[in-house]
Amino acid sequence: MKYVVIVMPKKAILDPQGKAIKQVAEDYLNKSIKDIRVGKYFEIELDREDDELVEKLAKNILSNEVIEDYLVKKV
């Protein structure tokens with residue numbers, strides 16, 4: 001079973017890397033972009049389905065719940 005975990009900074013958290021990429025993209029394209037936020041993407045492969053394990057991993061190891069939100073998907 002394969003899972004994907006996406007970790008993104010919470011909306012209230014400043015994302016300087018996303019702001020820098022947005023500025024470079026706007027300069028390159030000469031177009032305005034509303035927003036770019038940078039996150040983390042993890043692919044986790046297990047021998048069998050274990051939603052609880054992946055949820056625990058996402059919450060306690062892959063993300064910092066104070067400043068980040070995460071999303072777990074089965075793929």
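In what follows, residues are counted from 1 in the order of the sequence shown.
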With Asp47 via salt bridge (charged side-chain N to carboxylate O under 4.0 Å, His left out) - residues at least two apart: none
Does Leu53 form a side chain to side chain contact (heavy atoms under 4.5 Å, CB included) with Ile44? I'd like the steps, not just the answer. CA-CA 11 Å; Leu53 181 142; Ile44 301 164; 5.7 Å; no
Results of salt bridge (charged side-chain N to carboxylate O under 4.0 Å, His left out) for Lys2 - residues two or more places apart only: Glu43
Closest heavy-atom contact between Ala58 and Ser63? O-OG, 2.7 Å
Linked hydrophobic residues, Ile36 as query - side chain contacts closer than 4.5 Å: Ile21, Tyr28, Leu29, Ile33, Val38
With sequence neighbours left out, which residue pairs that include part of residues 23-35 fulfil the salt bridge (Lys or Arg N to Asp or Glu O under 4.0 Å) condition? Lys19-Asp35, Lys22-Glu26
Output the distance between atom OH (Tyr41) and atom CG (Leu62), rounded to the nearest 0.5 Å. 13.0 Å
Side chain to side chain contact (heavy atoms under 4.5 Å, CB included) evaluation trace for Gln17 with Asp15: CA-CA 6 Å; Gln17 188 177 11; Asp15 179 9; 4.0 Å; yes
Non-neighbouring partners of Lys56 that pass side-chain hydrogen bond (donor to acceptor under 3.5 Å, both in side chains), sequence neighbours left out: none
Quick one: side chains of residues 68-75, donor-acceptor pairs under 3.5 Å with protein atoms, not counting sequence neighbours, listed by atom name and distance.
unit_1, atom_1, unit_2, atom_2, d
Glu68, OE1, Asn64, N, 2.8
Glu68, OE2, Lys40, NZ, 3.3
Tyr70, OH, Glu55, OE2, 2.6
Lys74, NZ, Glu49, OE2, 2.8
Lys74, NZ, Asp51, OD1, 3.4
Lys74, NZ, Asp51, OD2, 3.1

Listed partners of Glu45 passing side-chain hydrogen bond (donor to acceptor under 3.5 Å, both in side chains), at least two apart: none
Distance-only criterion, 3.5 Å: show the donor-acceptor pairs between side-chain atoms of residues 5-14 and protein atoms not counting sequence neighbours.
unit_1, atom_1, unit_2, atom_2, d
Lys10, NZ, Glu65, O, 2.8

